[in-house]
Each structure stands twice: as C-alpha cells, then as structure tokens.
Amino acid sequence: MTIRLYDTNARQIRDFTPIKPGCVSIYLCGATVQAAPHIGHIRSGLNFDIMRRWFEYRGYDVTFIRNVTDIDDKIIAKAAEQNRPWWSIGYDNERAFNDGYTALGCLPPSYEPRATGHITEMVEMMQGLIERGHAYEAEGNVYFDVRSFPGYLELSRQELDNLQQPSGAGETGKRDPRDFAMWKAAKPGEPTWATPWGRGRPGWHLECSAMAHKYLGSAFDIHGGGLDLIFPHHENEIAQAKAYGDEFARYWVHNAWVTMAGEKMAKSLGNSVLVSEMVKQWRPIVLRYYLGTPHYRSMIEYSEESLREAESAFARIEGFVQRVVEKAGVVEPSAEVPPAFAEAMDDDLGVPQALAIVHTTVRQGNSALAADDKEAAVARLAEVRAMLGVLGLDPLDAHWAGETDRGEDLHGVVDSLVRMVLDQREAARARKDWATADAIRDQLGQSGLTIEDSPQGPRWSLGPR
C-alpha cells in the first residue's frame, strides 16, 4: 500500500513517504477572518479533512494544523469601514468559519493557532533572517531580500525579472520593489506590537512560516491550501522558512476553487455564497457531498442544478441505508473498505472513482433487497458505511444524527396523514382504478414525497427538492 499525491512543486504525482514512519504532519492555510465564509472557503477545509481521514484509515497518526489569520490588511480595512475593533471582527468571523467546518462534518484540527498569538516566534524568525543576510529593516518595516535566496519562485515557476510583487500601503524603504514585507511599521489607528525595529504588525506570509515552525518543527510532510495561495503566499513562506534554515514542507498540495460563471468565488467579486445561508436551504450532509466528492484538483462550477443532482445522488445512497436498517437493524461498518475503493483513494485521493464504487455497492445492495437476500444486503451496507465513513458522509454517524432527527416531533403526524392517503391509493389499486391511484401518487410527489412500492407495502420518504 502506497498513498500517492500530486506535489505542486514537482508538478507530478509522487509516492508519499513520511518523515517519521507511521506519522503524517499537515499544515493547512486556514481562514483569513475578515468576513464570514462562503462555500469556496469551506471546500478547502473539506478536501483536507478527507485527506486526513484517509491517512488515519491507513493507520497513520496525523497531526493536522489549520491556522487562523486574525490580523492583516483586509481585517484592518473592515474594522475602519465598520467602526469596530479589529479583534471583534476577527473573532466573530473565526466563529463563523468554525461553525461552517462543523456543520459540514470536518474533524477539528489537532491545533488551530491564531497569528496574533505568535508574535514572539515571528520576531525570532526575522532576527535570524537579518543575521543571515536574507532580510533588512527600513523605516520600521522589515523586508525579505528575494535576491538573497536562490530558490525563490521555484514553486510558482516565475522569472524574477518579470515578477510583480503585491505591495501594501506604507511599504517604504525597499531596496528592490520585488522584496516583500515581513513586518509593517506602525500606522495611526492600527494594532501594533513591539519589536527591536519599532512597533508594527506582521505581514501575512511571516505568520504561517512562524506557526508551521512552532507546531511542526523545521521539517514536515504536507503543506496545503488553495491554488490562489501558490503566489505570493506559499512562495514567500518557502523563502522565509528555508532561508531561516528549515527544510519546511516535503509535499505541496493545492485544492481547486469553487467558481461562479467561470470566476473564482470570492468576497471581493461579490459572487460568494455564504455557508450560513446555504445550510438553511440545503442539508449540510448534501453540501458536503457536493463540495467533497469532486476531485480536489478539479474546479467546481456552482449552480443550484448541480446541487440538486448531488442531493438526488446522495438520496439514493441514503435510501439504501434506511431500507437495510428497517429490515435488519443498524449494521456496523466493515473493518476494511473494498479494494477498488482503497486503490482509488491511494491514487491522489481519487474521490470520484471511489464514489463510483460506493454507488456500485449500493446498486448491488438494492438488488439483494429486491431478492429478499438479507445477508447480502447487510454485507453491502457494512461496506457502504465503511466507505462513507472515510468520506465523512455516513448518514448513521453520530455527527449527522441531528439532521435525521430534525422535525422528529412532526414525523408521526405526517406519517399518519400520508398513511391515510396511501390507504386511499391502495383501495383504488384494489378496485383496479389505476387513474385514481396514479393521480394520488403524482399529487404526493408534487408535495415533495417519494412513494416506493415494496413487498411489505408502500413506503414514503422526503424526495429531493
């Protein structure tokens, strides 16, 4: 068994070999908390949650770090715009992100450090870089000298002579316009911390280099994030960390975006779909299916139609699970997933191919139910639950129990009313009044109910919208 991952730095799929046998260390660039999350933000968390679950299934001890960027230019701008303290905006949105991760079934990280809690580590890193000739102070700012680091731009494959380095206001005193800020001198009205070079605040890139070093050491296995972070963020992280003396990440793994009309979903474009609103319209487990089942390196073009397709596909899985449970009681997941599922997941987390195995197994289970082969149906459900557990989509998992129980107080009332109508339909069928029977079924369907005729009689369920 060998897990293989696409390494952005190598531009190819590589066999995964951990630094420490049996252990995996992952650093994921988490939320910048200037606003509440849209589904594009949560997709990244979902993709790496599935990666983490697969490593754990394969027997690895996983240390998973997902940071919180709670101070940067955007948060300060939001604070000024809303006339609120910067930390108030950051905290409210950090809670919104965590609510989103939890709603969609992401396991909590091993540690979730905030940038503002690691100023000491950032100052130490800057001091080390200045001593080694890779950074310099100018007018209270501290800059990284990109020409001092020969490996700069290897991740993004750019040419230094053509580089356009993003710069913020007040970044004065640079020796080279391509140098980037690690520390920004104090400005009126902004939060500041004391350093040997005067008061100021950290730059975005420095934060992650310092936190990765703090929690994972000088070398770790996997650094993750969205494609948009390759440059400048990840490129600048590498420069700082390696110039400081760290080996840093062995593998670089990037997830693709959720797009709308071909554009990356982003708050700045005004095309974001907030998670807090989406979970009011769609069951969170359906949202997880929609965002988590495409390959992590494939773009997802958002549309309600594709969400409805995901809802219908998951309903087929969930319907099978419910039917077997009704017939045989709760079935525990099997100890191992089917070999074809494991092969797909080992190959760069091939979730679409793995999901095809799930649906094939569901069809086999439904055939067993139709043949009244209880033993085979139970065996298939055990396999399905094992596979869904790896994907975080097992409807019988305790996390999703609240979804199943929602509206339980009304279920008995609705069931009694539907049974009355179904009895009328059965009476019509008994007297061979097929037109009336079909009309009743169609009317129930228009009300959002799916009617299934079985050897034990008709059964109803809520159908996809």
Novice: Is the shortest heavy-atom distance from the side chain of Glu301 to the side chain of Trp257 under 4.5 Å?
Specialist: no

Novice: Do you know which of Asp348, Ile50, Val351 makes side-chain contact (heavy atoms from CB on, under 4.5 Å) with Tyr296?
Specialist: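 The single option meeting the side-chain contact (heavy atoms from CB on, under 4.5 Å) with Tyr296 is Asp348.
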
Novice: With a 4.0 Å cut-off on N to O distance, would you call Arg14 and Asp7 a salt bridge?
Specialist: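 Yes, Arg14 and Asp7 are salt-bridged.
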
Novice: Check whether any side-chain heavy atom of Val362 sits under 4.5 Å from a side-chain heavy atom of Val384, and report yes or no.
Specialist: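 A side-chain contact exists here, since the closest heavy-atom pair is under 4.5 Å.
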
Novice: Assess the side chains of His254 and His234: does a donor N or O sit below 3.5 Å from an acceptor N or O?
Specialist: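 His254 vs His234: donor-acceptor pair found between side chains.
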
Novice: Begin from the C-alpha positions of Asp70 and Thr116 and carry the test side-chain hydrogen bond (donor to acceptor under 3.5 Å, both in side chains) through to its verdict.
Specialist: CA-CA 7 Å; Asp70 61 342; Thr116 54; 2.5 Å; yes

Novice: Compute whether any side-chain donor of one residue and acceptor of the other, for Tyr215 and Asn67, lie under 3.5 angstrom apart.
Specialist: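 No donor-acceptor contact under 3.5 Å links the two side chains.
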
Novice: If only atom types and distance count, is the side chain of Trp400 paired as donor or acceptor with the main-chain N or O of Gly105 below 3.5 Å?
Specialist: no

Novice: How long is the span from the OH atom in Tyr60 to the SG atom in Cys23, to the nearest 0.5 Å?
Specialist: 10.0 Å

Novice: Less than 4.0 Å between a side-chain N and a carboxylate O, is that true for Asp49 and Arg43?
Specialist: no

Novice: Does the pair Asp438/Arg425 count as a salt bridge with the N-to-O cut at 4.0 Å?
Specialist: no

Novice: For Asp221 and Tyr27, test the side chains for any donor-to-acceptor distance below 3.5 angstrom and give the result as yes or no.
Specialist: no

Novice: Run the salt-bridge test on Arg380 and Glu383 with the 4.0 Å N-O cut-off and return the result as yes or no.
Specialist: yes

Novice: Students often mix this up, so state it plainly: with edges at 30° and 60°, are the rings of His233 and His205 parallel, tilted or perpendicular?
Specialist: tilted

Novice: Would you say the side-chain atoms of Glu237 and His223 include a donor-acceptor pair closer than 3.5 Å?
Specialist: yes

Novice: So, Asn236 versus Trp204: side-chain donor-acceptor pair below 3.5 Å or not?
Specialist: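 Looking only at side-chain atoms, Trp204 and Asn236 do not form any donor-acceptor pair under 3.5 Å.
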
Novice: Do you know the tightest heavy-atom contact between Leu227 and Ala256?
Specialist: CD1-CA, 3.8 Å

Novice: Taking the basic N atoms (NZ, or NE/NH1/NH2) and the acidic carboxylate oxygens, is any pair closer than 4.0 Å for Arg157 and Glu154?
Specialist: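 So Arg157 does not pair with Glu154 through a salt bridge.
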
Novice: If you draw a 6.0 Å radius around CD in Gln443, do more than 12 non-hydrogen atoms from other residues or ligands fall strictly inside?
Specialist: no

Novice: Given side chains that start at C-beta, do those of Arg385 and Val330 come closer than 4.5 Å, heavy atoms only?
Specialist: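 They are in contact (side-chain heavy atoms under 4.5 Å apart), so the answer is yes.
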
Novice: To check you understand the geometry: which heavy-atom pair defines the closest contact between Ser209 and Ala241, and what is its length?
Specialist: OG-N, 4.3 Å

Novice: A quick test of your reading: do over 12 heavy atoms of other residues, nucleotides or ligands sit less than 6.0 Å from OH of Tyr91?
Specialist: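 Result for OH/Tyr91: open.
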
Novice: Can a salt bridge be assigned to the pair Arg114 and Glu94 using a cut-off of 4.0 Å between side-chain N and carboxylate O?
Specialist: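 Yes.
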
Novice: Could you check if a side-chain atom of Ile357 sits within less than 4.5 angstrom of a side-chain atom of Thr361, using non-hydrogen atoms only?
Specialist: yes

Novice: Would you call Asp176 and Arg147 a salt bridge, using N to O less than 4.0 angstrom?
Specialist: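 Here Asp176 pairs with Arg147 in a salt bridge, since their nearest N and O are under 4.0 Å apart.
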
Novice: Check whether the side chains of Glu305 and Ser303 place a donor and an acceptor atom closer than 3.5 Å, and report yes or no.
Specialist: no

Novice: Out of the candidates Phe231, Phe144, Tyr143, only one should pair with Phe180 under the ring pair (Phe, Tyr, Trp, His ring centres under 6.0 Å) rule; please name it.
Specialist: Phe144

Novice: Whether Arg4 engages the ring of Phe16 as a cation-pi pair (distance to the six-membered ring centre under 6.0 angstrom, angle to the ring normal within 45°) should be assessed.
Specialist: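 Judged by the rule, Arg4 and Phe16 form no cation-pi pair.
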
Novice: Classify the side-chain pair Asn255/Ser44 by whether it contains a donor and acceptor separated by less than 3.5 Å.
Specialist: yes

Novice: Would Arg66 count as a cation-pi partner of Tyr101, with NZ or CZ less than 6.0 Å from the six-membered ring centre and within 45° of the ring normal?
Specialist: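 Here Arg66 passes the 6.0 Å and 45° test against Tyr101.
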
Novice: Under 4.5 Å between any side-chain heavy atoms of Val337 and Val390, yes or no?
Specialist: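 SC-SC contact between Val337 and Val390 confirmed.
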
Novice: Is the shortest heavy-atom distance from the side chain of Lys74 to the side chain of Lys78 under 4.5 Å?
Specialist: no

Novice: Are a donor atom and an acceptor atom from the side chains of Tyr302 and His38 found within less than 3.5 Å of each other?
Specialist: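 There is no such pair (donor and acceptor under 3.5 Å, judged by atom type) between the side chains of Tyr302 and His38.
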
Novice: Salt bridge between Lys20 and Asp61, side-chain N to carboxylate O under 4.0 Å?
Specialist: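 Salt bridge between Lys20 and Asp61, a charged N being under 4.0 Å from a carboxylate O: no.
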
Novice: Identify whether the distance between the nearest side-chain nitrogen and carboxylate oxygen of Glu277 and Lys280 falls below 4.0 Å.
Specialist: yes

Novice: Can you see which heavy atom on Gln353 is nearest to which on Ala344, and at what distance?
Specialist: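 The answer is CB-CB, 3.7 Å.
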
Novice: Give the minimum heavy-atom separation between Cys29 and Cys208, together with the two atoms involved.
Specialist: SG-SG, 3.9 Å

Novice: Applying ring-ring contact (aromatic ring centres under 6.0 Å, His included) to His213 and Phe248, what does each step give before you reach the verdict?
Specialist: CA-CA 8 Å; His213 180 89; Phe248 211 48; 9.2 Å; no

Novice: Please examine the side chains of Arg58 and Asp346, heavy atoms only from C-beta on, and report whether any two atoms are closer than 4.5 Å.
Specialist: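 SC-SC contact between Asp346 and Arg58 confirmed.
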
Novice: For a 4.5 angstrom cut-off between non-hydrogen side-chain atoms, does Arg250 reach Ile222?
Specialist: no

Novice: Minimum heavy-atom separation for Leu274 and Ala36, please, with both atom names.
Specialist: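 What the structure gives for the nearest pair is CD2-O, 3.7 Å.
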
Novice: Looking at Arg84, I want to see if its CZ is surrounded by more than 12 non-hydrogen atoms of other residues, nucleotides or ligands under 6.0 Å.
Specialist: yes

Novice: State, to 0.1 Å, how close Leu5 and Met51 come at their nearest heavy-atom pair, and which atoms those are.
Specialist: CD2-CE, 4.3 Å

Novice: Inspect the contact between Glu247 and Lys242 and indicate whether a charged nitrogen and a carboxylate oxygen are less than 4.0 angstrom apart.
Specialist: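 Salt bridge absent between Lys242 and Glu247.
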
Novice: Before giving the answer on ring-ring contact (aromatic ring centres under 6.0 Å, His included), spell out for Phe97 and His41 the whole-Å C-alpha distance, their side-chain angles and the decisive distance to 0.1 Å.
Specialist: CA-CA 9 Å; Phe97 267 88; His41 293 126; 5.3 Å; yes

